[in-house]
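Notes follow the structure.
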Amino acid sequence: MQCTWLGHACVLLTGIQKVLIDPFIPDGSVVPLNPDLVLVTHGHADHLGETVVLKKTTITTGEIAQYLTAKGVPAEGMNIGGTITQNGVTITMTPAIHSSRIDDAGTQGNPGTAAGFVVRMDGICVYHAGDTALFSDMKLIGELYHPDIAFLPIGGRYTMGPNEAMIAAQFVGAKIVVPIHYNTWDKIAADPVAFKTAIERTTDLTVKILKPGESIAINL
Ligand code: NI
Ligand code: MN
(Lines give C-alpha, C1' and ligand atoms only; values in the text may rest on other atoms or scores of the structure.)
(Ligands and ions follow the chains in the order given, each with its own letter.)
Protein backbone atom coordinates (compact mmCIF):
# COMPACT_ATOMS: atom_id res chain seq x y z
CA MET A 1 0.00 0.00 0.00
CA GLN A 2 1.15 3.50 -0.80
CA CYS A 3 0.46 6.21 1.80
CA THR A 4 0.70 9.78 0.54
CA TRP A 5 0.55 12.83 2.78
CA LEU A 6 -0.93 15.67 0.74
CA GLY A 7 -0.50 18.30 3.46
CA HIS A 8 -2.32 19.22 6.68
CA ALA A 9 -4.47 16.17 7.62
CA CYS A 10 -5.07 14.93 4.07
CA VAL A 11 -3.82 11.39 3.43
CA LEU A 12 -4.30 9.24 0.33
CA LEU A 13 -4.05 5.45 0.70
CA THR A 14 -3.53 3.67 -2.61
CA GLY A 15 -4.07 -0.08 -2.74
CA ILE A 16 -6.99 -2.20 -3.93
CA GLN A 17 -8.91 1.10 -3.64
CA LYS A 18 -7.91 4.78 -3.52
CA VAL A 19 -8.99 6.00 -0.09
CA LEU A 20 -8.72 9.73 0.60
CA ILE A 21 -8.92 10.89 4.23
CA ASP A 22 -9.86 14.49 5.13
CA PRO A 23 -9.72 15.96 1.59
CA PHE A 24 -8.44 19.45 2.37
CA ILE A 25 -5.21 20.81 0.89
CA PRO A 26 -4.41 24.44 1.73
CA ASP A 27 -3.07 25.50 -1.67
CA GLY A 28 -4.88 23.34 -4.14
CA SER A 29 -7.70 21.06 -5.06
CA VAL A 30 -7.82 17.39 -4.23
CA VAL A 31 -10.46 16.74 -6.86
CA PRO A 32 -8.09 15.41 -9.60
CA LEU A 33 -6.99 12.62 -7.23
CA ASN A 34 -10.25 10.85 -8.14
CA PRO A 35 -10.51 8.61 -5.05
CA ASP A 36 -12.84 5.61 -4.81
CA LEU A 37 -13.68 6.36 -1.21
CA VAL A 38 -13.49 9.47 0.98
CA LEU A 39 -13.29 9.39 4.78
CA VAL A 40 -14.06 12.51 6.83
CA THR A 41 -13.05 12.64 10.52
CA HIS A 42 -15.14 15.70 11.49
CA GLY A 43 -16.92 18.76 10.16
CA HIS A 44 -14.21 21.42 10.45
CA ALA A 45 -13.43 23.00 7.09
CA ASP A 46 -9.79 21.86 7.17
CA HIS A 47 -11.05 18.24 7.14
CA LEU A 48 -14.38 18.28 5.29
CA GLY A 49 -12.48 20.21 2.59
CA GLU A 50 -13.59 19.33 -0.94
CA THR A 51 -15.87 16.44 0.05
CA VAL A 52 -18.96 18.08 -1.47
CA VAL A 53 -17.13 18.83 -4.74
CA LEU A 54 -15.64 15.33 -4.96
CA LYS A 55 -19.09 13.69 -4.66
CA LYS A 56 -17.52 10.25 -4.09
CA THR A 57 -18.77 7.60 -1.68
CA THR A 58 -17.97 9.17 1.69
CA ILE A 59 -17.80 7.45 5.07
CA THR A 60 -18.14 9.73 8.08
CA THR A 61 -20.25 10.30 11.19
CA GLY A 62 -24.02 9.91 10.82
CA GLU A 63 -24.50 13.65 11.29
CA ILE A 64 -22.04 14.68 8.57
CA ALA A 65 -23.39 11.91 6.30
CA GLN A 66 -26.85 13.48 6.63
CA TYR A 67 -25.42 16.90 5.68
CA LEU A 68 -23.55 15.40 2.71
CA THR A 69 -26.56 13.41 1.48
CA ALA A 70 -28.54 16.67 1.34
CA LYS A 71 -25.72 18.07 -0.84
CA GLY A 72 -25.97 15.12 -3.26
CA VAL A 73 -22.91 13.24 -1.97
CA PRO A 74 -23.33 9.45 -1.61
CA ALA A 75 -22.49 9.28 2.08
CA GLU A 76 -22.50 6.42 4.59
CA GLY A 77 -22.88 7.27 8.26
CA MET A 78 -21.25 5.32 11.06
CA ASN A 79 -20.26 5.96 14.64
CA ILE A 80 -17.31 5.55 17.00
CA GLY A 81 -16.42 1.92 17.68
CA GLY A 82 -18.19 0.68 14.56
CA THR A 83 -16.71 -0.96 11.47
CA ILE A 84 -17.73 -0.91 7.80
CA THR A 85 -16.25 -3.09 5.04
CA GLN A 86 -16.60 -1.60 1.58
CA ASN A 87 -15.01 -3.05 -1.60
CA GLY A 88 -12.28 -4.86 0.34
CA VAL A 89 -11.48 -1.92 2.64
CA THR A 90 -12.34 -2.22 6.33
CA ILE A 91 -12.90 1.05 8.17
CA THR A 92 -13.26 1.40 11.93
CA MET A 93 -14.20 4.74 13.47
CA THR A 94 -12.13 5.59 16.54
CA PRO A 95 -12.66 8.19 19.28
CA ALA A 96 -11.12 11.64 19.12
CA ILE A 97 -11.16 14.28 21.83
CA HIS A 98 -12.06 17.34 19.80
CA SER A 99 -15.11 19.29 18.60
CA SER A 100 -17.00 19.46 15.33
CA ARG A 101 -18.81 22.14 13.34
CA ILE A 102 -19.86 22.46 9.72
CA ASP A 103 -18.89 25.93 8.45
CA ASP A 104 -21.78 26.28 6.03
CA ALA A 105 -24.13 29.22 6.60
CA GLY A 106 -27.16 27.25 5.42
CA THR A 107 -26.54 24.33 7.73
CA GLN A 108 -28.86 23.50 10.58
CA GLY A 109 -28.48 20.84 13.17
CA ASN A 110 -25.94 18.83 15.07
CA PRO A 111 -22.50 18.39 13.44
CA GLY A 112 -21.88 15.33 15.60
CA THR A 113 -18.62 14.45 17.27
CA ALA A 114 -15.06 14.25 15.97
CA ALA A 115 -13.45 10.90 15.18
CA GLY A 116 -10.43 9.13 13.78
CA PHE A 117 -10.13 6.08 11.52
CA VAL A 118 -8.41 2.74 11.41
CA VAL A 119 -8.28 1.57 7.78
CA ARG A 120 -7.31 -1.97 6.79
CA MET A 121 -6.57 -2.65 3.12
CA ASP A 122 -4.31 -5.19 1.38
CA GLY A 123 -3.33 -6.60 4.80
CA ILE A 124 -1.95 -3.23 6.00
CA CYS A 125 -3.45 -1.31 8.90
CA VAL A 126 -3.38 2.50 9.02
CA TYR A 127 -4.42 4.72 11.93
CA HIS A 128 -5.38 8.32 11.13
CA ALA A 129 -6.05 9.99 14.48
CA GLY A 130 -8.01 12.95 13.07
CA ASP A 131 -7.84 16.05 15.26
CA THR A 132 -7.50 14.93 18.84
CA ALA A 133 -6.00 15.43 22.26
CA LEU A 134 -3.97 12.59 23.69
CA PHE A 135 -6.18 9.93 25.29
CA SER A 136 -5.15 6.73 26.99
CA ASP A 137 -7.54 4.53 24.98
CA MET A 138 -5.08 4.95 22.11
CA LYS A 139 -3.51 1.92 23.84
CA LEU A 140 -6.66 -0.04 22.93
CA ILE A 141 -6.36 1.04 19.31
CA GLY A 142 -2.86 -0.46 19.37
CA GLU A 143 -3.97 -3.66 21.11
CA LEU A 144 -7.04 -4.20 18.94
CA TYR A 145 -5.83 -3.28 15.45
CA HIS A 146 -1.98 -3.26 15.56
CA PRO A 147 -1.57 -0.39 13.08
CA ASP A 148 1.50 -0.58 10.83
CA ILE A 149 1.56 3.20 10.38
CA ALA A 150 0.03 6.05 12.38
CA PHE A 151 -0.73 9.58 11.20
CA LEU A 152 -0.73 11.79 14.31
CA PRO A 153 -1.36 15.54 14.67
CA ILE A 154 1.52 17.44 16.31
CA GLY A 155 0.59 21.10 15.70
CA GLY A 156 -0.76 21.85 19.18
CA ARG A 157 -3.39 24.46 20.04
CA TYR A 158 -6.30 22.53 18.46
CA THR A 159 -4.79 19.04 18.86
CA MET A 160 -1.91 17.26 20.54
CA GLY A 161 1.46 18.95 20.37
CA PRO A 162 4.74 17.07 19.94
CA ASN A 163 5.06 16.10 23.63
CA GLU A 164 1.62 14.53 23.77
CA ALA A 165 2.02 12.95 20.33
CA MET A 166 5.19 11.22 21.56
CA ILE A 167 3.09 9.42 24.17
CA ALA A 168 0.35 8.78 21.59
CA ALA A 169 2.87 7.13 19.28
CA GLN A 170 3.96 4.79 22.06
CA PHE A 171 0.35 3.99 23.02
CA VAL A 172 -0.56 3.14 19.40
CA GLY A 173 2.69 1.26 18.83
CA ALA A 174 2.78 1.58 15.03
CA LYS A 175 6.37 1.09 13.87
CA ILE A 176 6.08 4.07 11.52
CA VAL A 177 4.71 7.42 12.67
CA VAL A 178 3.96 10.31 10.31
CA PRO A 179 3.35 13.75 11.87
CA ILE A 180 0.46 15.74 10.36
CA HIS A 181 -1.62 18.86 11.13
CA TYR A 182 1.37 21.17 11.74
CA ASN A 183 2.90 24.29 10.10
CA THR A 184 -0.11 24.77 7.82
CA TRP A 185 -0.65 28.06 9.66
CA ASP A 186 1.40 29.93 12.28
CA LYS A 187 -1.02 28.90 15.04
CA ILE A 188 -0.07 25.24 14.58
CA ALA A 189 3.68 25.71 14.19
CA ALA A 190 5.66 22.67 15.37
CA ASP A 191 9.10 21.20 14.75
CA PRO A 192 8.77 17.72 13.21
CA VAL A 193 12.54 17.14 13.40
CA ALA A 194 12.56 17.64 17.18
CA PHE A 195 9.57 15.27 17.38
CA LYS A 196 11.40 12.66 15.30
CA THR A 197 14.62 13.00 17.29
CA ALA A 198 12.83 12.69 20.64
CA ILE A 199 10.85 9.58 19.64
CA GLU A 200 13.73 7.82 17.94
CA ARG A 201 16.05 8.48 20.89
CA THR A 202 13.67 6.90 23.39
CA THR A 203 11.74 4.20 21.46
CA ASP A 204 12.20 1.73 18.58
CA LEU A 205 9.60 3.60 16.50
CA THR A 206 10.51 5.41 13.27
CA VAL A 207 9.16 8.86 12.42
CA LYS A 208 8.86 9.63 8.70
CA ILE A 209 8.64 13.35 7.99
CA LEU A 210 6.94 13.60 4.61
CA LYS A 211 6.80 16.66 2.36
CA PRO A 212 3.31 17.42 1.02
CA GLY A 213 2.73 15.05 -1.89
CA GLU A 214 5.39 12.59 -0.70
CA SER A 215 4.57 8.90 -0.28
CA ILE A 216 5.73 5.98 1.79
CA ALA A 217 5.20 2.38 0.69
CA ILE A 218 4.11 -0.06 3.40
CA ASN A 219 4.46 -3.72 2.44
CA LEU A 220 3.45 -6.93 4.19
NI1 NI B 1 -10.76 20.18 13.85
MN1 MN C 1 -8.05 20.52 12.05
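Please read these numbers as outputs of a predicted model, since none were measured by experiment. All ligand and atom numbering here is 1-based and tracks the order in the structure.
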D103/R101 salt bridge by N-O under 4.0 Å criterion: yes

Y182, F24, F151 screened by ring-ring contact (aromatic ring centres under 6.0 Å, His included) with H8, the one that passes: F24

In D131, what N, O or S atom is nearest to the Ni ion (ligand 1), if we give its atom name? OD2

Strictly under 2.8 Å, is the Mn ion (ligand 2) approached by any N, O or S atom of H8? no

Nearest N/O/S atom of H44 with respect to the Ni ion (ligand 1), by atom name, please. ND1

For the Mn ion (ligand 2), does an N/O/S atom of H181 lie at less than 2.8 Å? yes

Once rounded to 10 degrees, what value does the angle at the Mn ion (ligand 2) take between OD2 (D131) and NE2 (H47)? 80°

Is the distance between the ring centroids of H181 and H128 under 6.0 Å? no

Checking Y127 against D148 for the side chain to side chain donor-acceptor pair (under 3.5 Å) test, could you report, in this order, the C-alpha distance in whole Å, the side-chain angles of both residues, the deciding distance, and whether it holds? CA-CA 8 Å; Y127 174 48; D148 298 292; over 6 Å; no

In sequence, state the C-alpha distance, the side-chain angles, and the governing distance for L6 and L33, and then conclude on side-chain contact (heavy atoms from CB on, under 4.5 Å). CA-CA 10 Å; L6 292 148; L33 295 171; 3.6 Å; yes

Taking 2.8 Å as the cut-off, does H42 contribute an N, O or S atom near the Ni ion (ligand 1), distance below it? yes

Result of checking V126, V119, T92, L140 against Y145 for side chain to side chain contact (heavy atoms under 4.5 Å, CB included): T92

N/O/S atom name from D46 that is nearest to the position of the Mn ion (ligand 2): OD2

